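Owing to the predicted nature of the structure, the values given are computational and were not obtained by experimental measurement. As a basis for the values below, the full set of heavy atoms in this structure was taken, side chains included, without hydrogen atoms, waters or symmetry mates. Chain naming here is simple, since letters A, B, ... match the order of the sequence lines and numbering starts at 1 in each.
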Amino acid sequence: MVNMEIIKAIYHGIEVFFIGYLVIYTCFIVISVTVGAVTLHEQKRRRTTYNYIQQDYYLPISVLVPAHNESITVLDTIQSLLELEYRLYEIVVVDDGSTDNTAQCVIDAFHMQKITRPIRRRVRCKKENAVYVTYDYKVPITLVCKENGGKADALNMGVNVSEYPYVVCMDADSMLQYDALENIARCVMETDNVIACGGLVRIVNNVTLEKGHVVDYRMPKKLTLSMQVLEYDRSFLASRILFDKFNGNLIISGAFGLFKKDFLIDVGGYDIDTMGEDMELVVRMHAFARANKIPYRIRYASDAVCWSQAPSTLTDLKKQRRRWHIGLFQSMLAHRQMLFNPRYGSLSFISFLYFFIYELLSPYIEVFGIISVIFAAYFNLINVPFMIGFFAVYIVFNALFSLTAFFSRIHAMNIKMRPIDIVKAVIAALAENAGLRIVLAWTRFAALFGYRSKKNEWGSIQRHTMKDNSEQSK
Amino acid sequence: MNVKILMVGCIYICLCIVLFDLLFALSVRWNEWRQPRREQKLKAILQENIDDFFKNGQDFVRQRRMERLLLQENNILALIDIIQPLQMTAPQQLQQYLAQNIKMFVRLAVLYQKKAPEYRALFYHTVCILNYGNNEFLCSGEEKSQLHELAAVILPDVLAQSVYVHENAMRALANLGNKKDVLHAMHLLNLKKTPLHTKLISENLLRFSGLQEELMEALWQEFDAFRSELQVSILQYMCFLPPQAGQSRYRALIYTRLNNENTDGEVRIACIRFFRRNVYAPAQAVLLQMLGTSGGYYNYAAVAATALRSYPGVQTEQALLRQMSNPDWYVRFNCAESLLFLQVDYENIILHSEDRYAKEMLLYRAEIAYLQKHRAEVQTW
């Protein structure tokens with residue numbers, strides 16, 4: 001009896017905790033999706049009413065493409081970069097010690113010549129083995145072959161090799177939309193103190209692109225991919241746009257981000273010892289600027305679109321999310337002084353706190369919640385039908401917000417969807433919240449097991465060419 | 001109980017979202033159906049107004065009707081769609097029509113001041129499209145004073161908080177082609193506390209539709225009154241003007257600023273870049289001196305190394321060759337590029353010099369030059 005009283009008291013505490021947790025999360029989702037949807041709508045209206053900077057020429061940009069065993073996708077990526085409608089940029093591909101023939105593919109495809117290029121290592125990176133270049137195309141393409149050092153190391157090499165004052169870092173399996181550079185550069189020009197700007201990453205597995213233009217957009221056949229489409233749109237629409245309002249973005253996706261090169265060098269470049277090098281860099285930039293009282297903005301350009309491949313199998317998806325969670329942990333650990341620190345203002349009390357609780361700790365909280373429910377059922381403390389009803393409402397609630405974010409994006413980009421794709425989106429939204437979320441919560445929960453021995457393991461993910469991607473969706 | 005409240009709250013929000021999403025989707029569909037029809041109707045009305053003008057001349061009643069229509073932003077957008085093709089097919093008639101209706105646009109400008117910033121920005125964009133600055137039918141003093149009135153209405157928005165409003169306002173003022181208005185705008189920008197993007201300002205100055213010489217003179221007379229960002233913008237603007245614009249008259253004045261160590265660093269760098277495109281013999285000595293400097297916040301040496309390619313001669317070549325051993329990577333990089341540009345015979349250096357860094361840099365530059373030449377030949381072929 002006494003034990004039962006204690007158990008009830010414990011469960012009352014758990015109930016209060018989870019109610020608070022869910023209320024705050026719900027409020028955040030409502031606010032962020034609303035702000036995101038309104039912002040996208042305003043942006044679309046601004047475009048139609050000529051409320052944007054109209055210049056013939058923007059900023060000179062070096063586009064950095066780190067590649068490790070990307071022979072399948074790198075040629076498509078480079079070709080897509082050559083089709084960008086932008087005047088002044090260069091392409092720098094860094095082959096990070098690939099064991100396949102990534103470098104040779106690029107050399108043969110673009111008829112590159114070997115040159116003896118002196119490289120000034122302003123940020124640390126491993127040594128280069130050879131440098132190739134070609135001027136036969138719209139913009140210069142440079143290929144640097146170097147010793148394997150990881151993505152961060154490859155990006156640092158790209159920064160060292162780049163000639164222009166702004167660098168765009170992207171992945172070798174991604175394609176930029178034709179106006180991506182223009183839109184991200186425009187975002188930088190709107191305010192003079194922008195040191196970094198993130199773009200929107202969308203999943204290309206269902207899309208046909210021609211010369212950087214979307215010619216056909218469909219929801220993927222595979223449920224794993226459809227769910228990720230919804231997830232990406234919710235994440236990019238909701239939190240990034242909201243955090244951009246108060247200069248609180250803690251992450252710029254590694255698939256597409258623009259940085260002011262001098263500032264990137266001043267903060268020491270990418271950290272080669274972390275898996276989440278993209279987030280760690282941005283957090284470090286915030287910390288550096290605030291510590292040195294430098295006026296700055298880190299922006300988010302929701303109309304600068306990069307189309308990237310998502311893992312098509314659950315196994316690959318789990319590897320990716322494991323890596324992301326380890327990267328998140330490393331970034332937050334390295335900059336833990338930002339938590340509850342008044343010096344960082346809203347960055348600390350909103351952005352960092354959100355990432356700490358609802359990204360880093362959430363898998364542990366959610367798994368704990370599930371285990372609590374199971375034990376509560378065992379102790380007969382739970383009204384099972386009510387619980388099922390509650391979960392159903394919560395799933396529908398989250399699914400609706402995912403769909404709102406998704407359709408806001410569709411509307412903003414003037415994409416026409418077929419009725420079958422709308423049905424697929426609805427099914428994916430429900431499945432994502434009912435099933436995938438729990439699977440990924442467990443994946444992230446287990447991510448830090450064996451952390452010390454496996455912390456720098458990236459794993460490999462299956463890649464497809466862009467042609468295969470568009471055929472998959474048909 | 002608490003959980004029930006949470007559930008009810010969630011259900012309520014879900015219903016609101018579903019309702020909102022459905023209504024929004026319906027509204028989008030409705031607009032997609034209605035908008036093209038509405039646009040066609042508007043275009044027909046506006047076209048009829050313009051055609052009527054061409055046939056029967058100016059009519060006050062028609063003008064007033066047009067003015068009421070153009071108070072709505074959809075109609076302004078429709079007007080832009082009509083004007084742009086007419087600029088190709090009937091430019092003279094269009095200019096005549098716009099000249100006769102300048103007063104209407106001045107009144108509209110005043111009325112648009114009461115609207116939201118995005119609609120003001122749209123109106124200023126429309127003023128650019130109307131291209132009053134190049135309208136040859138605006139001859140009389142009264143018509144030209146109307147342009148000045150229009151500019152006076154637009155001017156305060158140069159200080160608008162929204163970057164789109166002040167950018168479109170500046171473009172409109174530059175397009176209207178009155179140097180006094182542009183000068184006034186620059187003075188207003190001088191008062192702005194927020195940082196300014198120099199490139200945006202210089203691009204707008206380059207869009208000036210009046211006489212560039214007059215604008216340049218007006219800006220130069222007040223040059224010292226501007227803060228350094230605006231001075232850099234003005235120098236950038238003068239740098240990119242075509243040679244016939246007469247910026248060479250200001251070389252001596254810009255030279256005094258270059259030679260003055262108290263001049264702001266960014267301004268001095270802008271002066272160096274000016275002298276790269278506008279050769280001035282006395283500037284060579286200063287550039288050579290700057291090439292020899294080291295340290296400091298501003299890397300004058302690196303910028304001077306690039307500028308000196310416009311001053312061929314033994315002195316320049318020797319200075320550039322000496323600086324190939326400069327510890328600053330960017331100085332060596334730019335010197336190598338300039339030496340290549342000057343077609344200096346540096347093979348001896350590559351073959352015999354003991355300076356590894358100089359050899360490396362020059363060899364790299366030689367390879368690049370070869371590849372670029374090869375590309376040019378292939379393109380010609």
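In this structure, A:Arg121 and A:Lys127 have side chains that are in contact, with non-hydrogen atoms separated by less than 4.5 Å.
Heavy-atom distances place both the backbone and the side chain of B:Leu200 under 4.5 Å from chain A. For chain B, the nearby parts of A:Arg120 are the backbone and the side chain; heavy atoms of each come within less than 4.5 Å. Heavy-atom distances place both the backbone and the side chain of B:Ile11 under 4.5 Å from chain A. Heavy-atom distances place both the backbone and the side chain of B:Glu360 under 4.5 Å from chain A. With a threshold of 4.5 angstrom between heavy atoms, A:Gln54 approaches chain B through its backbone and through its side chain. Using a 4.5 Å cut-off between heavy atoms, B:Ile76 makes no contact with chain A at all. Heavy-atom distances place the side chain of B:Phe24, and not its backbone, under 4.5 Å from chain A.
With chain A as the partner, the residue from B:Cys10, B:Ser162, B:Gly9, B:Pro117 showing the most heavy-atom pairs under 4.5 Å is B:Cys10. Contacts with chain B were tallied for A:Phe407, A:Phe390, A:Tyr135, A:Phe397; A:Tyr135 has the most, counting heavy-atom pairs under 4.5 Å. The most heavy-atom pairs under 4.5 Å with chain A, out of B:Arg332, B:Glu167, B:Met361, B:Glu203, come from B:Glu203. Contact count versus chain A (heavy atoms, under 4.5 Å) is highest, among B:Val165, B:Leu77, B:Thr126, for B:Leu77. Taking chain B as the reference chain and counting heavy-atom pairs below 4.5 Å, the highest number among A:Glu42, A:Gln113, A:Arg45 is found for A:Arg45. Per-residue heavy-atom pair counts under 4.5 Å with chain B were compared for A:Glu190, A:Arg122, A:His41, and the maximum is reached by A:Glu190. Counting heavy-atom pairs closer than 4.5 Å to chain B, the top residue among A:Val131, A:Thr404, A:Ile115 is A:Ile115. Considering only heavy-atom pairs separated by less than 4.5 Å from chain B, the leading option among A:Asn51, A:Leu400, A:Leu59 is A:Asn51.
Between A:Arg47 and A:Asp303 there is a salt bridge, since at least one side-chain N of the basic residue sits less than 4.0 Å from a carboxylate O of the acidic one.
The environment of CZ in B:Arg29 is sparse: at most 12 heavy-atom neighbours from other residues, nucleotides or ligands sit within 6.0 Å. Within 6.0 Å of the CD atom in B:Gln161, the count of heavy atoms belonging to other residues, nucleotides or ligands does not exceed 12.
No donor-acceptor pair closer than 3.5 Å links the side chain of B:Arg365 to the backbone N or O of B:Leu339.
Residues A:Pro140 and A:Tyr89 approach most closely at CD-O, 4.0 Å, considering heavy atoms.
Note on ring orientation: taking the six-membered ring where Trp is involved, the planes of B:Phe333 and B:Tyr330 are perpendicular (angle over 60°, cut-offs 30° and 60°). In this pair, A:Phe110 and A:Tyr137 present their aromatic rings perpendicular. The plane angle is above 60°, beyond the 30 to 60° band.
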**OP:** Evaluate side-chain hydrogen bond (donor to acceptor under 3.5 Å, both in side chains) for A:Tyr86 paired with A:Lys138, printing each intermediate quantity in order.
**Re:** CA-CA 10 Å; A:Tyr86 197 75; A:Lys138 181 181 152 196; over 6 Å; no
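Just one residue in the list B:Asn175, B:Asn168, B:Asp157 forms a side-chain hydrogen bond (donor to acceptor under 3.5 Å, both in side chains) with B:Tyr124, and that residue is B:Asp157.
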